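Written out below as C-alpha cells is the structure these notes cover.
None of these values were measured; they are calculated from a predicted model. Residue numbers start at 1 and run along the sequence shown.
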Amino acid sequence: MKPFAQIFATVFDREPQSREAAQRRQMHRDWARQRARAISPSDLAEIDAIFSRNL
C-alpha cells in the first residue's frame with residue numbers, strides 16, 4: 001500500500017518545488033526503484049549504503 005501512496009502523492013502534489021527539493025525527490029524515487037530490484041539482503045544493504053552517502 002505504501003508504494004501506491006507514494007505514487008498518489010507524487011501525481012497529485014501541486015505545491016511549487018525548489019530545484020533542491022525536486023532533486024531530492026528524484027533521488028528517493030531512484031533509491032526506491034533500486035531497492036525494489038534488490039535480489040538479496042546484501043544487495044539491499046549495499047544500495048542503502050550508496051544512496052545514504054548522498055543524503
Side-chain angles (χ1 to χ4, degrees):
M1 191 67 174
K2 191 173 183 177
F4 178 73
Q6 289 175 344
I7 292 169
F8 188 80
T10 302
V11 169
F12 293 105
D13 185 18
R14 298 290 184 225
E15 65 182 64
Q17 296 180 7
S18 68
R19 174 171 270 180
E20 291 177 10
Q23 288 175 343
R24 184 171 291 270
R25 278 191 166 185
Q26 181 62 40
M27 185 179 73
H28 281 280
R29 280 193 297 266
D30 292 341
W31 191 350
R33 193 175 303 120
Q34 292 300 323
R35 284 181 58 93
R37 292 180 183 167
I39 297 171
S40 67
S42 63
D43 286 343
L44 197 59
E46 186 174 347
I47 290 166
D48 287 343
I50 292 168
F51 278 93
S52 65
R53 284 186 216 130
N54 290 320
L55 291 178

Minimal non-hydrogen separation, Asn54 against Met27, with atom names
CB-SD, 3.8 Å
Would Asp30 and Gln26 count as having a side-chain donor-acceptor pair, cut-off 3.5 Å?
yes
Under the salt bridge (Lys or Arg N to Asp or Glu O under 4.0 Å) definition, can you give me all pairs with a residue in residues 36-55, not counting sequence neighbours?
Arg35-Asp48
With sequence neighbours excluded, give me every ring-ring contact (aromatic ring centres under 6.0 Å, His included) pair touching residues 32-55.
Trp31-Phe51
So, using side chain to side chain contact (heavy atoms under 4.5 Å, CB included) as the criterion, who are the partners of Glu20 when residues are at least two apart?
Ser18
Nearest non-hydrogen partners of Ala38 and Ile47, listed with the distance
CB-CD1, 4.0 Å
